[in-house]
Amino acid sequence: MHDENDNDLVTQRRQQLHAMRATVPAFPNNFKRDALAADLQAKYEGKTKEALEQTPVMVAIAGRMMTRRIMGKAAFAHIQDMSGQIQIYVRRDDLPEGHYNSGFKKWDIGDIVGVTGTVMKTNKGELSIHAATIVLLTKSLQPLPEKFHGLTDQEMCYRQRYVDLIMNEQTRKTFKIRSAIIDFIRSYLSNEHYMEVETPMLHTIPGGATARPFTTHHNSLDMDIYLRIAPELYLKRLLVGGMEKVFEINRSFRNEGLSPRHNPEFTMLEFYQAYADYEDMMNLTEDMLRKMTWSLFETNTITYQGACYDLARPFARMTVVESILKFNDTISATDLQSLDKTRAFAKQLNIPLEDAYGLGKIQIEIFEKTVETKLLAPTFITHYPTEVSPLARKNDDDPFVTDRFEFFIGGREIANGFSELNDSEDQAARFRQQVEAKKTGDVEAMYFDEDYITALEYGMPPTAGEGIGIDRLVMFLTDSATIRDVILFPHLRNK
RNA sequence: GGGCCGUUAGCUCAGCCGGUAGAGCAGUGGAUUUUUAAUCCAUUGGUCGGGCGUUCGAAUCGCCCACGGCCCA
């Protein structure tokens with residue numbers, strides 16, 4: 001930010017900084033801390049004021065000054081570091097000459113300081129550091145939001161996440177949990193002997209999902225390329241190569257609208273396991289989520305947006321058709337076998353239909369409209385129509401559907417998995433259907449990926465795979481209403 | 001895409017039957033050696049999101065636009 005944009009508060013602070021530059025190194029980097037606020041709280045909270053006075057403990061802490069109360073020749077302030085906050089007690093006569101009046105008293109809330117001193121307790125019982133020295137490590141030029149209400153403007157929280165993180169404990173907590181979730185996934189899969197891999201984000205043929213890609217251009221090759229919409233087809237090439245258990249925690253990109261559940265870039269876990277089927281994936285998912293919640297919260301009961309979810313109980317399982325019947329009294333199982341009757345029912349629900357839609361696609365439209373948001377308790381929905389599952393293996397008993405499931409919790413899709421289609425001839429036929437759909441105007445339909453077919457022709461073992469939406473999972477486990485609350489820098493329009 | 005709500009000091013918010021903009025916190029000056037939303041006295045600070053219109057006069061009424069939020073598709 002330039003001087004001409006400064007308000008009075010910034011101008012004052014800039015003047016202080018300029019005055020400081022003239023006398024001392026303004027941004028020193030030689031202060032070594034040896035303690036974190038939360039560790040000190042944990043270690044010394046139980047000690048009495050007297051005990052701490054009898055055996056003084058010297059520590060060095062550093063962090064941002066969040067509050068300050070000056071009472072003449074003594075003052076209190078709170079210092080915030082990555083672990084939490086701790087109070088400091090600063091007395092003029094206990095500091096080197098000049099440090100109090102010409103230093104500390106002139107600094108501002110928001111400044112980053114280093115403090116050495118002894119651990120003490122105040123008369124009111126708050127653990128504090130009695131400062132022996134205090135140095136300014138970084139001058140903050142921008143004033144922080146008000147101490148009591150903090151930053152509440154959601155737009156500002158997203159646009160200036162750094163301020164949100166400084167001010168809001170809940171935001172810090174959400175992203176700590178996000179990190180812990182990803183940690184847990186890595187260790188869980190690693191423990192199951194999965195190998196973490198990295199596949200391209202720049203794709204010459206976007207594939208692995210039905211979605212519109214972002215397009216960009218490679219200058220020296222003079223070719224259009226796409227940001228990946230999913231890593232699936234590359235991961236399955238690795239299965240052909242003999243990597244029998246792989247996973248990738250991937251950023252994928254889809255060129256679609258923004259919503260409380262959609263960000264144009266999002267994080268997915270995809271994992272694949274040879275000699276497994278979709279039921280193995282469901283079992284793994286159930287086990288992993290149960291252990292995850294226990295590992296994170298030491299409970300399997302999760303509160304999300306006021307509702308309670310028990311992940312200890314077995315997750316429900318039902319087919320797409322069963323779920324439609326459960327939530328729609330006015331259509332029968334036989335009707336759902338009939339294209340005409342199902343189409344009429346969808347029209348009754350005001351679902352816009354294309355002529356090209358077959359029975360399976362219409363069933364899924366009905367499912368999304370009437371079932372999805374009602375799947376609150378953890379539920380696997382299985383037997384997705386082959387028409388809408390171009391990469392999934394057909395069911396042996398009923399080729400109209402595939403060996404596929406999606407997982408729902410809180411009315412929201414979290415995961416999608418299936419027994420993989422490893423019949424190269426069937427896959428080629430499915431791709432051709434997708435290309436036809438694209439010709440008739442389906443912008444989300446897939447391209448024909450010849451190299452992927454070639455890979456399958458070398459032989460991919462029977463395999464099952466799954467994708468889990470990490471952002472949505474984090475939303476659920478952090479009680480966040482929107483995806484923007486679980487992405488550090490969510491996409492917003494330019495102001 | 002449609003509907004509703006919001007945008008006023010650095011932050012959190014009043015003001016909205018039109019009559020020259022206010023509080024708290026932060027800041028500034030002063031008092032204060034155990035405070036914790038510290039306290040006490042004094043005080044600075046605003047293109048009222050942007051534009052156009054109505055009017056003698058618009059933060060306030062109307063229209064358009066931008067950004068955000070919620071709901072619906």
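Residue numbers begin at 1 in each chain, while the letters A, B, ... track the order of the sequences. All values derive from a computational prediction rather than experimental measurement.
Checking each of A/V486, A/N250, A/I182 against A/I470 for a side chain to side chain contact (heavy atoms under 4.5 Å, CB included) leaves exactly one that passes, namely A/I182.
B/rC48 and B/rG18 are spaced 15 Å apart, taking the C1' atom of each and rounding to whole Å. Rounded to the nearest Å, the gap between the C1' atom of B/rG22 and that of B/rU8 is 10 Å. Taking the C1' atom of each, B/rA21 and B/rG15 are spaced 8 Å apart, rounded to whole Å. B/rG45 and B/rG27: their C1' atoms are spaced 9 Å apart (whole Å). Remark: the separation of the C1' atoms in B/rU55 and B/rU60 is 13 Å, to the nearest Å. Nucleotides B/rG24 and B/rG2 have their P atoms positioned 43 Å apart, rounded to a whole Å. One C1' atom belongs to B/rU20, the other to B/rU47, and the distance between them is 15 Å to the nearest Å. Rounded to a whole angstrom, the distance from the P atom of B/rC17 to that of B/rC61 is 7 Å.
Between A/Y162 atom OH and B/rC11 atom P the separation is 12 Å, expressed in whole Å. Rounded to an integer number of Å, the gap from A/M156 CE to B/rA9 P is 11 Å. Summarising the geometry, the separation between CG on A/L95 and P on B/rU33 is reported as 15 Å, rounded to the nearest angstrom. The separation between A/R13 atom CZ and B/rC11 atom P is 13 Å, rounded to whole Å. Residue A/N7 contributes atom CG, which lies 13 Å from atom P of B/rU28 at whole-angstrom precision. Between the CZ atom of A/R91 and the P atom of B/rU32 there is a distance of 16 Å, given to the nearest Å. Rounded to an integer number of Å, the gap from NZ of A/K73 to C1' of B/rU35 is 16 Å. Going from atom CE of A/M65 over to atom C1' of B/rA26 covers 13 Å, rounded to whole Å.
Base pairing of B/rU35 is not made with any nucleotide, judged by Watson-Crick or G-U wobble geometry with both donor-acceptor distances under 3.5 Å. Using the Watson-Crick or G-U wobble rule with both distances under 3.5 Å, B/rU28 pairs with B/rA42. With a 3.5 Å ceiling on both atom-pair distances, the Watson-Crick or G-U wobble partner of B/rG1 is B/rC72. For B/rA23, the paired nucleotide is B/rU12, the pair qualifying as Watson-Crick or G-U wobble because both relevant distances are below 3.5 Å. Using Watson-Crick or G-U wobble geometry with both donor-acceptor distances under 3.5 Å, B/rC52 finds its partner in B/rG62.
Aromatic ring orientation, A/F104 versus A/Y100: parallel (interplanar angle below 30°, classes split at 30° and 60°). Using a 30° and 60° split on the angle between ring planes, A/F76 and A/Y89 fall in the parallel class, below 30°. Classified by interplanar angle (parallel below 30°, tilted 30° to 60°, perpendicular above 60°), the ring pair A/F405/A/F380 is perpendicular.
Comparing A/L151 and A/R92 by the nucleotide of RNA chain B whose heavy atom lies nearest to each, the residue mapping closer to the 5' end is A/L151. Mapping A/Q16 and A/P145 onto RNA chain B by nearest heavy atom places A/P145 closer to the 5' end of the strand.
Comparing atom distances between the A/M120 side chain and each of B/rA26, B/rU33, B/rU34 picks out B/rU34 as nearest.
No donor-acceptor contact under 3.5 angstrom links the side chains of A/Q15 and A/H18, judged on distance only. With no hydrogens or angles considered, a side-chain donor-acceptor pair links A/T133 and A/T116 at under 3.5 Å. Between the side chains of A/E444 and A/T210, no donor-acceptor pair of N or O atoms lies under 3.5 Å. With 3.5 Å as the limit, one finds a donor-acceptor pair spanning the side chains of A/H217 and A/D224. Neither side chain, A/Y384 nor A/N416, offers a donor N or O lying under 3.5 Å from an acceptor on the other.
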In B/S/- notation, 5' to 3', how is nucleotides 36-46 of chain B contacted by protein heavy atoms closer than 4.0 Å? BBB------S-
The contact string for nucleotides 68-73 of chain B, one letter per nucleotide 5' to 3', using protein heavy atoms under 4.0 Å with B, S and - for base, sugar-phosphate only and none, comes out as SSS---
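The distance between the ring centers of A/F315 and A/F407 falls below 6.0 angstrom.
Using a 4.0 Å heavy-atom cutoff across all strands shown, A/M66 reaches no nucleic acid atom at all.
In this structure, A/K361 satisfies the cation-pi test against A/Y357, with its NZ or CZ atom closer than 6.0 Å to the six-membered ring centre and inside 45 degrees of the ring normal.
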